[in-house]
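This one's a predicted model, so the numbers in the text were calculated from it and none came from an experiment. Scope of the values below: all heavy atoms of this structure, side chains included, with no hydrogens, waters or symmetry mates.
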Amino acid sequence: MDVRDPVSEYLSPTEFAFWDDQTDITIPHFAFNQCNQLSTSTCPQSPQLQLKFLEALELSPSVVDYLLGLYFSRYQIMLNFVSQQDFMAQKAMGSGPMLRESLVLAMLAIALRYSTRPEVNHSYTRPDGENVLASAAKKALETELRYSDITTIKTLLILAEVETSAGNDMTGYLYNNLASSLILQLGSDLGSMTNHSIISLANQEIDCRHWIVWAASVGDQYWSVTLKQPLNIKAHILQSSRLAVRFARSGDMELQNPSLDSYEQQVHEYFFALLELSREITDSMYASGISKIHMRMSSSIAKFSARLEHWYALLPERIRRGPVSGDDSYHFLFIMHLLYNANKIVLYRDVVQVPDTDNFSDTESTIGSVKTILVSAAIRIARLCEMFRRRDDVRILQSTGAQWASLAAYVLIEHTSSLPADEVVKAVAHLQSLTGTLKEMSRAFKSALEAHQAACLSLHFFNAQLNGDDELPEFLKILPTSAEYLTH
């Protein structure tokens, strides 16, 4: 499989190797060749970071280069909020704001997730699982409280993902909230800037600020769905950022869709529209907390369900059919279809638990229709996850991908036993597929571990039923109740 990777343009042909489905995801010795972009007077032949805080952690230049390569080629493959070109230029010169201790260590810490070199993993991961580089980054970040800037935001966003994936929910939640707050306080989002200020920014700075807002919004939505609470970054902030980018690049404020010159640009445009709609759905469902969801269940679900289907109907045929061939394996296409189906689960997952007896008819047929929608969305997520992990590294999907897979698993766990007999086998097969996905995800995301364990237990239960075993094994009697599953 040919992987288009932005890091390759900074490497000489002999220093970079593409990988395929049968090749372990590794990057050989990572030595950046940036001399063609800088004057010979400022660029040494083999630029390497020589900073005291790296020496203190016994980080050799080769290990630093290896981890930076993983950061840019794996972690930041979709949310490009640290400019690789700017970072490499400052790295070559040995100075610059991007070489701040907290940011560099955070980048190395998240890259450790993708490392396939045992000696590196052993050196910087303690027996209890603590990421040594993340701990050092957090310590360095402590001094930035009084002079926080856009570099601080980048560090917080990376550390939020590190902590969330490690199962340190409180810390991950706080870091993400602080990053979102600083974006608004410091006016780092493009939507808060004047037209003149936006035009004065370099294209790379525009892209950076745009992606910072989107990266923060992804984490914001993760916690909103997890905790069933309102968002911090509202949909209109994302919309303003997108319009500001269009203005900066076109020189006018035309609101119609820009010319979409490529397939990837088309995917981006529809994906961003879905992200904005997703935030409206999440904020509407949890605006007053879970205890009041039933009061607005009927009107909210009907409105947003119609908008979701309208968005889907507008997709060009190639995008609508999803990643069904090698030519359609673009990462954002997977994410877009995963998010589309995750939205359906968010919309309907509480209907069965908290039916609105005044507006949403609490009848067997209505609940049955809702279950059909939920199971159908969960099966689609299972298929997409299976396809993605066969083609690429599921760790690219970040904690949000683990959340979507977990949501789908819990839906199948909850509703498979109530399906018609001819549909049970199909649902169990996709739960089996999700079990494999969650097992693979749980190596990097602690949040997937609980869902994986629940799915394994449920598979034993369903298989026992399918085999006609009337007596349940003792270990299956510890399965949580359905209500406990749906609170995840």
**Report entry** Single hit among Arg113, Lys154, Arg395 for salt bridge (Lys or Arg N to Asp or Glu O under 4.0 Å) with Glu161
**Finding:**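 In the set Arg113, Lys154, Arg395, the residue that makes a salt bridge (Lys or Arg N to Asp or Glu O under 4.0 Å) with Glu161 is Arg113.
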
Under the 3.5 angstrom rule, does the side chain of [X] hit a backbone N or O of [Y] as a donor-acceptor pair?
X: His452; Y: Ser406; value: no
X: Arg279; Y: Ser217; value: yes
X: Gln265; Y: Ser262; value: yes

Can you see which heavy atom on [X] is nearest to which on [Y], and at what distance?
X: Cys456; Y: Thr435; answer: SG-CG2, 3.5 Å
X: Leu434; Y: Ala378; answer: CD1-O, 4.5 Å
X: Gln266; Y: Pro316; answer: NE2-CG, 4.3 Å
X: Tyr114; Y: Asp393; answer: CD2-OD2, 3.8 Å
X: Leu412; Y: Ala427; answer: CD1-O, 4.0 Å
X: Met441; Y: Ala402; answer: SD-CA, 3.6 Å

With a 4.5 Å cut-off on side-chain heavy atoms, are [Y] and [X] touching?
X: Val104; Y: Phe87; value: yes
X: Tyr175; Y: Thr171; value: yes
X: Leu54; Y: Leu105; value: yes
X: Asp169; Y: Lys446; value: no
X: Phe388; Y: His331; value: yes
X: Met107; Y: Ile158; value: yes
X: His430; Y: Thr416; value: no
X: Tyr270; Y: Trp311; value: yes

**Report entry** Passing candidate, ring pair (Phe, Tyr, Trp, His ring centres under 6.0 Å) with Tyr340, options Phe271, Tyr312, Trp404
**Finding:**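 Going through the options one by one, the only one that passes is Tyr312.
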
Report task. Output, in order, the C-alpha distance, side-chain angles, deciding distance and verdict of salt bridge (charged side-chain N to carboxylate O under 4.0 Å, His left out) for Lys139 and Glu142. Result -> CA-CA 5 Å; Lys139 183 177 180 180; Glu142 291 293 333; over 6 Å; no

Query raised in the report: Taking it one step at a time, do Leu374 and Glu414 satisfy side chain to side chain contact (heavy atoms under 4.5 Å, CB included)?
Result: CA-CA 10 Å; Leu374 286 169; Glu414 170 65 15; over 6 Å; no

**Report entry** Check: Glu58/Ser123 side-chain N/O donor and acceptor closer than 3.5 Å
**Finding:**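 Short answer, no.
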
Report task. Consider only side-chain N and O atoms of Gln403 and Thr226, and report whether a donor and an acceptor are under 3.5 Å apart. Result -> yes

As an exercise, state the distance from [atom1] of [X] to [atom2] of [Y], rounded to the nearest 0.5 Å.
X: Glu264; Y: Leu333; atom1: CD; atom2: CG; answer: 10.5 Å
X: Ile153; Y: Leu103; atom1: CD1; atom2: CG; answer: 12.0 Å
X: Leu339; Y: Phe334; atom1: CG; atom2: CZ; answer: 15.0 Å
X: Ile110; Y: Arg74; atom1: CD1; atom2: CZ; answer: 13.5 Å
X: Glu280; Y: Thr282; atom1: CD; atom2: OG1; answer: 10.0 Å
X: Leu159; Y: Leu174; atom1: CG; atom2: CG; answer: 12.5 Å

Requested in this report: Carefully, step by step, assess Val162 and Lys138 under the rule side chain to side chain contact (heavy atoms under 4.5 Å, CB included).
Outcome: CA-CA 11 Å; Val162 171; Lys138 289 187 288 185; over 6 Å; no

Query raised in the report: Would Glu144 and Thr151 satisfy side chain to side chain contact (heavy atoms under 4.5 Å, CB included), going step by step from the backbone distance to the final call?
Result: CA-CA 10 Å; Glu144 297 182 31; Thr151 302; 5.5 Å; no

Query raised in the report: Angle class for the Tyr71/Tyr75 ring planes (parallel below 30°, perpendicular above 60°, tilted otherwise)?
Result: tilted

Query raised in the report: Where do Ile233 and Leu231 land on the side chain to side chain contact (heavy atoms under 4.5 Å, CB included) test, with the steps shown first?
Result: CA-CA 6 Å; Ile233 299 179; Leu231 295 162; 5.9 Å; no

Requested in this report: Using a strict cut-off of less than 4.0 Å between a Lys/Arg side-chain nitrogen and an Asp/Glu carboxylate oxygen, indicate whether Arg320 and Glu317 qualify as a salt bridge.
Outcome: yes

